[in-house]
Amino acid sequence: MARQTTKTSKSSQGTARKTASSAKRTVKFSNESLQKFYRDMLLIRRFEEKAGQIYGMGLIGGFCHLYIGQEAVVVGMQSAISDDDAVITSYRDHGHMLACGMDPKGVMAELTGREGGYSKGKGGSMHMFSKEKNFYGGHGIVGACVPLGTGLAFSQKYQDNGQMTLCYMGDGTANQGQVYESFNMAELWSLPVVYIIENNEYAMGTSVKRSSAQTELYKRGESFNVPGEQVDGMNVLAVAEAGKKAVEWVRAGKGPYILEMKTYRYRGHSMSDPAKYRSKEEVNKKRADSDPIEHLREKLLADKVYSEDELKEIDREVKGIIADAVEFAQNSPEPAPEELYTDVVA
Amino acid sequence: MPTEILMPALSPTMTEGKLARWMVKEGDTVSSGDVLAEIETDKATMEVEAVDEGKIGKILIEGDTENVAVNTPIAVLLEEGEDEGDLEGFSPSKVPAADSGSEDEESDEAPASKEPRIETRAPHDAYDASGEIPEGTEMVKMTVREALRDAMAEEMRSDDRVFVMGEEVAEYQGAYKVTQGLLDEFGPRRVIDTPITEHGFAGVGVGAAFHGLRPVVEFMTFNFAMQAIDQIVNSAAKTRYMSGGQMGSPIVFRGPNGAASRVAAQHSQCYASWYSHIPGLIVIAPHTAADAKGLLKAAIRNPNPVIFLENEILYGQSFEVPKLDDFVLPIGKAKIERSGDDVTIVSFGMGMRYALEAADKLTKDDISAEVIDLRTIRPMDMETLLASVRKTNRCVTVEEGWPQSGVGAEITAQIMHHAFDYLDAPVLRVSGKDVPMPYAANLEKLALPHVDEVVTAAKAVCYRD
């Protein structure tokens, strides 16, 4: 997919400028990076498949929003930042946590509402955090993570520590008012934040076309002079490259940057999804034509980065990690009744 | 051993559904992610995907079958190295009785049955606020406005993480001049004018608090904070709990609350009861300048989100404030502002003005009122209040907010529960009237609590004319 870019600068008095750039990769990724991309995406895919399965067995309750199909976005973006940078997202968050290096056991055990979960079983799928991994949630209210992420970046700039924030949101979030309040303040104060709009085409069951007067979401920062770029979010290399560029922009002190990731979720909005708002053919076609993991797998084989056997070995390793996570999540006890009243206030 | 594929649930409440159709047949090889079957309930359709690789050994329940219970084995999957021979002698597990597992666990954990008796708080001494200011401390007169400004300035001097953010807090010197001089002393890095964007900057403040700063977010008035209430409640108040204690939000939201004068319905609401409803928040509403200073300093140092409710009319009122280098008061402690024996009048913030004036008037009728200033609405110092009611056996609550589900309603319920046997009269509430605040001067006066209403209520509970 050809990337479209709007670049604005204060000197151009806020008029958005579009520059077409070729789809050819300018960044060369090491074999090691490619291998990590593959493994990390596969880990998320298998984790989410398993989560879906054990949800069906009644081990996970409530809402459970799976990230299957969108793996390239978070894996590519996380490759562009350092461990001490901050990450925040909305409620479709399992992939982000794994990509931040959080332990699949702790994430799965939170899904099953157990003591060994990241929030001791009190948060669940949509509300998980890891201070240690600089993952700031996991927020269940659409839009809320955007001012919060802007606040993380505010703190980073205030402390002048060179860190930055990746603030993820969905295409549905892109219509919330607080997002624009945040874009405005982030640009006004030159805050170090990349806003990543994961455009998977549907906000629950409402397509972008049916909800958005301006469907090119990378343009949503134009009135605030925030540059935006549209990226093929099904291609981890395109994501990683765009992420690198956006991160460089932000680290140079130029303020926020918007990346619209064109991606797709294969599963329903949540587990209980009527699947009436899009056709099965559409889902199958997306999956067949542009699956991020399959796409990279073919490349790894073609470039001889991995042999079939080596890929099988990775599959086995990942499967083992997930099996351990499920075992942990099933065997970790439920939180003690006394936990009901702890952690309300300090 | 062959793996069973079970009937999945679409939601925690689903107990059975329709196995609509199979997308694979016996003998098909499947890999993880392949769609195996479709199931339906009355509200949704879901595809059952393969999680493990293998071959469909046997389909146990045909397509188009209604009322298949959740967790019923619907097919058998043969994994690598297994073949149809492995199915011989393999019998699928029984369908688990619906919900049996979780119900058993729940009954195990149900609280042990207790005697049906009413448990009340054991009597406790009232908090003694007399020790808050050491004897011999020099007192200086200052307005509530100056006390609040000094509290912020002192905390900013001692802790670089503290900053002030809000509309007109910097160059304008504060819409009500509470932040006067802060920009000059601390500069634009720490005193930040925001756009008019309450929802946005409240969230920015909470995010900065997550990340280690100590924001003081000023709302020009709490009426405007309704735009930000999602960030205050869902993000600030709940995150410590939702993160299992990993992350808190040490932030102060402050600004004038309640009615000022002739600003009508949208600018005159008291939010004390709203915020006091929320676990995870601390709610403070001082009356005096000394309490404003000591409690704001405490609020800024507190690791929790604090709602600090000020009052525009009180900003200009002067009180004695101790001249101390670091005057910090405890959060969650009420103050007996005036001792008495016949009736307890409890209030907070601006309501204290009515309460104290009423207590003065009541002396003419030989009624000795004890006036308690809650100071902190959440956590509420019920010990002090109950100790007083056990002494006076009567209570009147005073607040500017509306009566239904108000602070007075909560106090009344607590007293009825914990001091029922001590009461000689029902607890009466004096509150704002149950109407939006009118603009007309006479109507506004009627809508607000009045000193005479407090006097009348106090006489009523004392059964005096």
Side-chain angles (χ1 to χ4, degrees), chain A residues 45-46 49-50 52-53 55-58 61-62 68 86 88 117-123 127-131 136-141 144 146-156 158-159 177-178 180-182 184-185 188-189 268 271-276 334 337 342-346, chain B residues 6-12 14 32-33 41 43-49 51 70-71 101-102 105 109 111 163 189 192 194-195 197 199-213 215 230-231 234-235 238-248 279-280 282 302-304 379:
Chain A
R45 174 75 53 96
R46 294 287 173 265
E49 286 168 351
K50 200 72 189 176
Q53 189 197 29
Y55 187 97
M57 292 159 63
I68 296 173
I88 190 165
Y118 266 95
S119 299
K120 300 196 258 180
K122 296 176 178 184
H127 318 110
M128 249 188 276
F129 307 79
S130 171
K131 190 93 190 181
Y136 287 85
H139 295 271
I141 305 295
V146 184
L148 293 171
T150 308
L152 298 172
F154 177 92
S155 173
Q156 289 160 332
Y158 186 94
Q159 297 179 52
Q178 53 184 321
Y180 300 93
E181 301 185 19
S182 302
N184 183 39
M185 285 182 279
L188 194 62
W189 301 330
M271 299 305 292
S272 169
D273 183 295
K276 301 287 186 221
E334 289 188 313
T342 61
D343 306 319
V344 180
V345 289
Chain B
L6 306 178
M7 178 73 174
L10 270 59
S11 74
M14 172 177 161
S32 146
T41 64
K43 63 174 184 177
T45 310
M46 183 179 149
E47 290 174 342
V48 184
E49 287 185 12
V51 175
V70 166
N71 282 343
S102 60
E105 281 171 36
E109 289 209 3
F163 68 96
R189 172 176 167 263
I192 299 134
T194 64
T197 170
H199 200 182
F201 71 72
V204 167
V206 176
F210 285 169
H211 201 259
L213 299 187
D230 173 65
Q231 291 290 358
N234 272 318
S235 302
K238 296 179 185 171
T239 295
R240 184 179 301 282
Y241 197 79
M242 295 192 301
S243 68
Q246 282 184 80
M247 266 170 57
I282 294 204
N302 193 278
N304 303 296

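Just so it is clear: chains get the letters A, B, ... in the order the sequence lines come, proteins before strands, and each one is counted from 1.
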Undergrad: Which pair of heavy atoms, one from A/G56 and one from B/V70, lies closest together, and at what distance?
TA: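 Heavy atoms of A/G56 and B/V70 come nearest at O-CG1, 3.9 Å.
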Undergrad: When you measure from the side chain of A/S119 to the backbone of B/M242, do you find a donor-acceptor pair of N or O atoms at a distance under 3.5 Å?
TA: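 Present.
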Undergrad: Taking all atoms of both residues into account, what is the closest heavy-atom pair of A/S155 and B/L213, and its distance?
TA: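 The pair with the smallest heavy-atom distance is OG-CG, 3.4 Å.
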Undergrad: With under 30° as parallel and over 60° as perpendicular, where do the rings of A/Y136 and B/H211 fit, or are they tilted in between?
TA: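 A/Y136 and B/H211: tilted rings.
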Undergrad: Students often mix this up, so state it plainly: with edges at 30° and 60°, are the rings of A/Y158 and B/F163 parallel, tilted or perpendicular?
TA: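 Ring orientation of A/Y158 relative to B/F163: tilted.
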Undergrad: Carefully, step by step, assess B/R240 and A/V344 under the rule side chain to side chain contact (heavy atoms under 4.5 Å, CB included).
TA: CA-CA 6 Å; B/R240 184 179 301 282; A/V344 180; over 6 Å; no
Undergrad: Of the backbone (N, CA, C, O) and the side chain (C-beta and beyond), which part of A/M185 lies under 4.5 Å from a heavy atom of chain B, both, or neither?
TA: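 The side chain, not the backbone.
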Undergrad: Report yes if some heavy atom in the side chain of B/L6 is under 4.5 Å from a heavy atom in the side chain of A/Q53; otherwise report no.
TA: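 A side-chain contact is absent here, since even the closest heavy-atom pair is not under 4.5 Å.
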Undergrad: Looking only at heavy atoms, which two atoms of B/N304 and A/V345 are closest? And how far apart?
TA: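 Minimum heavy-atom separation between B/N304 and A/V345: OD1-CA, 3.4 Å.
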Undergrad: I need the residue from A/G62, A/G268, A/G177, A/G137 with the largest number of non-hydrogen atom pairs under 4.5 Å to chain B.
TA: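 Of the candidates given, the most pairs with chain B belong to A/G62.
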Undergrad: About how many Å separate CH2 of A/W189 and CD1 of B/I192, when rounded to the nearest 0.5 Å?
TA: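 B/I192 atom CD1 to A/W189 atom CH2 measures 6.5 Å (nearest 0.5 Å).
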Undergrad: Please report the shortest heavy-atom distance between A/L188 and B/P195, naming the atom on each side.
TA: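 That closest heavy-atom pairing would be CD2-CG, 4.2 Å.
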Undergrad: Give, as side chain, backbone, both or neither, the part of B/S243 having an atom under 4.5 angstrom from any heavy atom of chain A.
TA: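 Its backbone and side chain both get close to chain A.
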Undergrad: Specify the closest pair of heavy atoms between A/Y55 and B/A9, including all atoms of both residues, with the distance to one decimal.
TA: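 That would be CD2-O, 3.7 Å.
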Undergrad: Side chain to side chain contact (heavy atoms under 4.5 Å, CB included) for B/Q246 and A/D343? Distances and angles first, verdict last.
TA: CA-CA 9 Å; B/Q246 282 184 80; A/D343 306 319; over 6 Å; no
Undergrad: I need the residue from A/G117, A/S130, A/S182 with the largest number of non-hydrogen atom pairs under 4.5 Å to chain B.
TA: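 Of the candidates given, the most pairs with chain B belong to A/S130.
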Undergrad: Are A/E181 and B/F201 close enough, and set up right, to give a side chain to side chain contact (heavy atoms under 4.5 Å, CB included), and what steps lead you there?
TA: CA-CA 8 Å; A/E181 301 185 19; B/F201 71 72; over 6 Å; no
Undergrad: What residue, out of A/K120, A/Q178, A/K276, has the most heavy-atom pairs lying under 4.5 Å from chain B?
TA: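 Of A/K120, A/Q178, A/K276, A/Q178 has the most heavy-atom pairs under 4.5 Å with chain B.
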Undergrad: List the atom of B/D230, the atom of A/A144, and the distance in Å for their closest heavy-atom pair.
TA: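 Answer, listing the atom of B/D230 first, then A/A144: OD2-CB, 4.0 Å.
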Undergrad: Would the A/H127 and B/Y241 ring centres measure less than 6.0 Å apart?
TA: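 Distance test on ring centres: not under 6.0 Å, no.
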Undergrad: I'd like to verify something: which residue of A/K50, A/M57, A/M128 has the highest number of heavy-atom pairs under 4.5 Å with chain B?
TA: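 If we count pairs closer than 4.5 Å to chain B, A/M57 comes out on top.
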Undergrad: Using heavy-atom distances under 4.5 Å, tell me whether A/I141 contacts chain B through its side chain, its backbone, both, or neither.
TA: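 Contact with chain B: side chain only.
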Undergrad: Please look at A/R46 and chain B and tell me whether the side chain, the backbone, both or neither of the residue comes under 4.5 angstrom of a heavy atom of that chain.
TA: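 Side chain of A/R46 only, per the 4.5 Å heavy-atom cut-off to chain B.
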